[in-house]
Amino acid sequence: GKSKLEAENVLENIFLEERTRLCILRVFSLLDWNMPTFTLGGSIQKAFQGEKINLVNGDDIRDFSTPRKVAEILFKLSTLQELPKILNICSGDGITVANAARAMAKTSSREIELEVIEGFSKIPRLVGDNSLLLKTLPGIQTIWSPSECPLV
C-alpha cells in the first residue's frame, strides 16, 4: 500500500499542470482461475491439479474482482470524457478467503486437497468503497463470482 501511494504521489506531481488528464484507478484483489501461482487463485488452482495446499488466514475478509470484470470496467471508463481524480475498482463487498475458495471449488465437480486454516492476518478486513465507481458507471455490476473451472 505504501509503494502504491508513493506512485500515486509521483503521478500527481507529473500531472500537476494537467490535472484533468490523470485518473488514478485503485484495483483491489483479483481472484479467478489462471492467476499467477503466488496468488490465492493460483493456490486454489494448484490444489485442483492435485497439490495439497494450506490456505492460511481463512477468516480474512477481502474484496475480490475477476480480471475480466476489471477489464470490462476499464473499457467502460475509457469511453468517458470526464473521470474522477481517483476511482476504486472493486466489488464493494467482502467475502472470507475460505468462502471465496469454496465458491471457486463449486465451479468444478473435482475433489480438491485444500485445507483452509482459520485465523486472521495483520489486515483482517480489506473491502473497498465503490460508491464513486457506481456513480460514474450507473448500472455496472461489480459483485464477484468466479468463472467456471477450466480444469477437467
Side-chain angles (χ1 to χ4, degrees), residues 1-12 23-80 83-152:
K2 184 180 176 183
S3 61
K4 289 178 185 178
L5 183 58
E6 289 173 3
E8 288 177 11
N9 290 334
V10 168
L11 287 169
E12 286 179 339
C23 175
I24 294 172
L25 303 173
R26 294 178 175 159
V27 178
F28 279 63
S29 301
L30 297 176
L31 179 60
D32 208 1
W33 299 104
N34 297 315
M35 300 291 297
T37 57
F38 61 86
T39 67
L40 176 59
S43 293
I44 294 168
Q45 187 156 328
K46 284 192 279 186
F48 271 82
Q49 293 168 332
E51 289 186 44
K52 187 174 187 299
I53 301 293
N54 295 327
L55 292 179
V56 296
N57 305 318
D59 295 319
D60 277 1
I61 297 172
R62 294 292 181 259
D63 184 329
F64 294 115
S65 296
T66 64
R68 182 178 298 275
K69 175 55 69 177
V70 171
E72 173 191 336
I73 290 169
L74 294 177
F75 178 75
K76 289 181 179 186
L77 289 172
S78 74
T79 66
L80 301 179
L83 293 170
K85 178 181 172 182
I86 296 174
L87 270 175
N88 290 334
I89 310 296
C90 59
S91 71
D93 289 313
I95 184 172
T96 65
V97 168
N99 286 339
R102 288 183 194 108
M104 289 187 69
K106 286 181 183 177
T107 69
S108 172
S109 58
R110 179 186 276 184
E111 291 291 320
I112 63 169
E113 286 197 55
L114 179 67
E115 182 178 346
V116 179
I117 301 168
E118 296 176 349
F120 295 101
S121 68
K122 291 181 182 177
I123 304 173
R125 181 176 174 81
L126 187 56
V127 179
D129 175 2
N130 68 354
S131 58
L132 188 53
L133 174 65
L134 298 175
K135 182 179 174 185
T136 304
L137 294 174
I140 190 78
Q141 297 297 315
T142 60
I143 301 301
W144 173 79
S145 139
S147 303
E148 288 298 313
C149 179
L151 306 172
V152 179

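In this text, all values refer to a predicted model and were calculated from it rather than measured experimentally. Along the sequence shown, residues are numbered consecutively beginning with 1.
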Using modelled atom types and a 3.5 Å cut-off, is there a donor and acceptor pairing between side-chain atoms of [X] and backbone atoms of [Y]?
X	Y	value
D32	T66	no
N88	D129	yes
W144	I95	no

Assess the residue pair L25 and L77 against the criterion (side chain to side chain contact (heavy atoms under 4.5 Å, CB included)); give the C-alpha distance rounded to whole Å, side-chain angles, the decisive distance to 0.1 Å, and a yes or no. CA-CA 10 Å; L25 303 173; L77 289 172; 4.0 Å; yes
Do R68 and E72 sit within salt-bridge range, that is, some charged N less than 4.0 Å from a carboxylate O?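 Salt bridge absent between R68 and E72.
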Note, [X] side chain near [Y] side chain (heavy atom, < 4.5 Å):
X	Y	result
I61	V127	yes
L11	E8	no
Q45	N34	yes
K4	R26	no
F64	L40	yes
M35	P67	yes
I140	L134	yes

Under the side chain to side chain contact (heavy atoms under 4.5 Å, CB included) test against S121, which residue among D59, D60, L126, V56 passes?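 With S121 as partner, side chain to side chain contact (heavy atoms under 4.5 Å, CB included) holds for just one option, D60.
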Against L87, only a single residue in L133, I24, L137, I73 fulfils side chain to side chain contact (heavy atoms under 4.5 Å, CB included); can you say which?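 It is L133, the one option of L133, I24, L137, I73 that forms the side chain to side chain contact (heavy atoms under 4.5 Å, CB included) with L87.
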Provide the closest heavy-atom pair for I123 versus R62 in the form atom of the first, atom of the second, distance.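 Between these two residues, the closest heavy atoms are O-NH2, 2.7 Å.
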Write down the atom of S108, the atom of C149, and the distance for their closest heavy-atom approach.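 Distance-wise, the nearest heavy atoms are CB-CB, 3.5 Å.
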Take atom CD of E118 as the centre, draw a 6.0 Å sphere, and report whether it contains more than 12 heavy atoms from other residues, nucleotides or ligands.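 No - once you tally the heavy atoms of other residues, nucleotides and ligands closer than 6.0 Å, there are 12 at most.
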